[in-house]
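Step one of this worksheet: look at the structure below.
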Amino acid sequence: RYRVQRRSIKDIRGPASPSRLLGHEMQFRHEEEMGDVQFQWLRRYGATWLFDKNQEDVLWTVDPKALQYIFHTSGYRFPKTKAIDQSAKIFTGRGILTVKGDVHQRQRKILSPAFSAGQLHTFLPIFRQLASHLSQKWKDELEASVSHESAVINVPQMLARMTLDVIGEAAFDYQFGALDDQRNELARLFQNLFVDSVLHPPAWDILFRATWHYIPDSILHYVRYLPTREYSRFKQFLDAAFRVGQDLVDQKASSSEKGGKNIVSILAQSSVSDDVKKRLTSDEMLSQVATFLLAGHDTTANTLTWTLYELSKRPEDQRKIRDEIAAVRKEIKARGDEDFVPSDFDSMPFMNAVIKESLRLHPIAPMLFREAADEDVIPLSEPIETVSGKFINQIPVSKGQAINISICSYNRLQSVWGEDADSWNPDRFLGSDKERQASVGVFANLMTFSAGIRACLGWRFALLEMKTVLTELIETFEFKYPEGLDVMRLSSGIMSPAIRGKVEMGIQLPLHVSLVNGA
Ligand code: HEM
């Protein structure tokens with residue numbers, strides 16, 4: 001009924017399907033390195049192509065005008081697919097990431113004040129303090145090493161603990177203490193959560209998920225209880241997040257400090273609000289805790305990891321950032337301040353360009369999955385030639401048409417980023433040309449934080465956190481990429497680094513770390 005397609009998209013070109021039953025899904029979910037398969041299709045078919053997902057025709061597009069239409073112009077007319085919503089519900093419940101339409105609008109309105117410019121200002125001391133704590137931990141590690149000045153450190157591990165502590169303090173007024181406590185329950189539950197649950201799903205799971213579209217939500221709710229690898233790790237995390245969340249909200253509700261605009265204060269106030277527009281049910285409230293724990297820490301930790309990966313290969317880029325930090329330090333001293341204010345980071349153009357380039361090449365959430373809520377017509381910025389030889393500059397779609405939006409492919413589109421789109425080149429962000437083009441995402445014309453009414457709520461938070469941490473780390477340490485190390489993009493739902501041939505070890509980036517002279 002819902003899936004019957006009156007507006008066929010079969011005339012759109014795309015790769016031949018390798019399997020009648022599974023289509024491209026197995027090839028896509030089992031590619032060795034995240035993006036390998038789709039980057040080939042991108043070069044062969046351009047920005048739009050047809051993909052066979054378990055015998056369903058899926059439109060795959062990264063055309064800038066199509067993205068603008070789907071994410072901005074059409075409001076809620078292209079919701080997330082039921083399968084992706086249900087997958088996210090398994091680990092975040094009924095929080096802002098998984099709800100739709102009016103409910104999403106209500107939740108977003110309630111939560112947005114926690115990310116205002118004024119609030120952001122209050123986070124900076126937390127970011128500075130925890131970045132410096134991480135830096136001290138690594139200094140201690142160097143001190144304890146044989147040479148006392150250099151060691152190989154697996155950087156994502158402590159970065160993830162630090163970003164967990166950051167989200168604890170900034171969002172929940174709570175010290176998880178993950179940097180200090182190696183046995184911290186949440187930190188352990190998060191470690192390799194996606195790798196353990198999502199990496200290389202078996203064929204039965206791919207086929208099972210293809211049926212979700214036809215199963216009522218009330219039954220799908222029980223999928224989380226399946227005792228398999230794919231589901232049990234996520235359930236453990238959600239149970240722990242709900243438990244921790246209830247404690248945090250109870251503590252806030254009983255504390256004498258009322259008001260406040262951080263997440264936990266907002267959650268405590270909305271759980272008792274008389275105004276239905278401002279109220280969150282208990283389930284919604286705890287789901288937000290799980291959502292922010294997850295969306296707000298691994299994302300930033302992975303992006304920082306990838307940034308150090310790129311910088312460790314380029315001592316010259318590290319030096320340029322160090323020079324910028326030294327210049328800003330002088331300005332801070334000259335004006336009589338003790339420490340950075342958020343606007344100080346604006347005077348570091350190269351560091352900002354490095355962060356943008358890292359977000360471009362290494363988007364932690366590489367894909368988004370949407371479907372048309374109704375019949376619609378998607379405009380394209382460039383006409384495409386169809387199988388029958390026609391040139392079309394818009395694609396009529398039926399209600400229910402599934403659309404895959406690849407953030408990682410859009411971020412490498414040559415028509416937007418130039419012929420060197422596959423290579424590291426932060427200088428591309430130093431001119432203003434790229435940012436003058438039609439803006440697609442919420443930041444720097446990138447899709448990394450998504451776009452429109454469902455764009456990342458924490459993107460300013462993440463940027464300020466990353467700038468603060470990078471400033472601390474590059475000022476204090478030199479990072480060097482070990483000879484012979486072969487790091488790859490792991491394909492586990494999120495894009496994270498792993499060592500080729502050792503993916504069972506999960507997220508890894510062991511770098512040579514030493515103190516900058518005089519640090
Ligand atoms: C580099 C870091 C980050 C990246 C790349 C990132 C990326 C994204 C993306 C792509 C989405 C859209 C997901 C979808 O539509 O399915 C999203 C949503 C979201 N992100 Fe982030 N994120 C980052 C950091 C953060 C942080 C630090 C927070 C909170 C403190 C946060 C909170 C959220 C929330 C609440 C949503 C759901 C928004 C909605 O549906 O209305 N994110 N993020």
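Numbers here simply count residues along the sequence, with the first being 1. All ligand and atom numbering here is 1-based and tracks the order in the structure.
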- Message: I need the nearest protein heavy-atom contact for atom 1 (C) of ligand 1: residue, atom name and distance, please.
- Response: Thr303 OG1, 3.3 Å
- Among all protein heavy atoms, pick the one closest to atom 5 (C) of ligand 1 and tell me residue, atom and distance. Ile364 CG2, 3.2 Å
- Centroid separation Phe51 to Phe369 less than 6.0 Å: no
- Note on the structure: Near atom 21 (Fe) of ligand 1, meaning under 2.8 Å, the protein N/O/S atoms are Cys456 SG
- Task: Run the numbers on Tyr69 and Asp376 for side chain to side chain donor-acceptor pair (under 3.5 Å), then give the verdict.
- Result: CA-CA 11 Å; Tyr69 183 75; Asp376 217 311; 2.5 Å; yes
Side-chain donor-acceptor pairs of residues 155-166 under 3.5 Å, sequence neighbours excluded:
{"from": "Arg161", "atom 1": "NH1", "to": "Ala178", "atom 2": "O", "distance (Å)": "2.8"}
{"from": "Arg161", "atom 1": "NH1", "to": "Asp181", "atom 2": "O", "distance (Å)": "2.8"}
{"from": "Arg161", "atom 1": "NH2", "to": "Gln182", "atom 2": "O", "distance (Å)": "3.0"}
{"from": "Thr163", "atom 1": "OG1", "to": "Leu159", "atom 2": "O", "distance (Å)": "3.2"}
{"from": "Thr163", "atom 1": "OG1", "to": "Ala160", "atom 2": "O", "distance (Å)": "3.1"}
{"from": "Thr163", "atom 1": "OG1", "to": "His297", "atom 2": "O", "distance (Å)": "3.1"}
{"from": "Asp165", "atom 1": "OD1", "to": "Gly177", "atom 2": "N", "distance (Å)": "3.2"}
{"from": "Asp165", "atom 1": "OD1", "to": "Ala178", "atom 2": "N", "distance (Å)": "2.7"}
{"from": "Asp165", "atom 1": "OD2", "to": "Ala178", "atom 2": "N", "distance (Å)": "3.2"}
{"from": "Asp165", "atom 1": "OD2", "to": "Leu179", "atom 2": "N", "distance (Å)": "2.9"}

- Item | Exceeds 12 heavy-atom contacts within 6.0 angstrom, atom CZ of Arg94 | no
- Item | Heavy atom of Ala455, distance to ligand 1 below 4.0 Å | yes
- Task: Enumerate the atoms of ligand 1 whose separation from the nearest heavy atom of Arg108 is less than 4.0 angstrom.
- Result: 38 (C), 39 (C), 41 (O)
- Contact atoms of ligand 1, heavy-atom distance to Ile167 under 4.0 Å: 30 (C)
- Leu368 heavy atoms within 4.0 Å reach ligand 1 at atoms 13 (C), 14 (C), 15 (O), 16 (O)
- Query: Tell me: protein heavy atom nearest atom 37 (C) of ligand 1, and distance?
  - Reply: Leu97 CD1, 3.5 Å
- With respect to atom 41 (O) of ligand 1, which of Met367, Arg454, Lys80, His104 exhibits the smallest heavy-atom separation? His104
- Item | N/O donor-acceptor pair under 3.5 Å between Arg370 side chain and Phe78 backbone | yes
- Test ring pair (Phe, Tyr, Trp, His ring centres under 6.0 Å) applied to Phe127 - qualifying residues, sequence neighbours left out: Phe461
- Message: Surrounding CD of Glu33 (heavy atoms of other residues, nucleotides or ligands, distance under 6.0 Å), is the total greater than 12?
- Response: yes
- Query: Do Tyr309 and His362 pass the side chain to side chain donor-acceptor pair (under 3.5 Å) test, and can you show the C-alpha distance, the side-chain angles, and the key distance before you say yes or no?
  - Reply: CA-CA 11 Å; Tyr309 162 84; His362 307 288; over 6 Å; no
- Task: Evaluate the criterion side-chain contact (heavy atoms from CB on, under 4.5 Å) for residue pair Leu361 and Glu310; output intermediate values, then yes/no.
- Result: CA-CA 10 Å; Leu361 278 178; Glu310 297 290 357; 4.2 Å; yes
- Query: Can you tell me which residue and heavy atom of the protein come closest to atom 7 (C) of ligand 1, and the distance to 0.1 Å?
  - Reply: Thr448 O, 3.4 Å
What pairs of donor and acceptor atoms, side-chain ones from residues 234-241 against any protein atom, are under 3.5 angstrom apart with sequence neighbours left out?
{"from": "Lys235", "atom 1": "NZ", "to": "Asp239", "atom 2": "OD2", "distance (Å)": "2.7"}

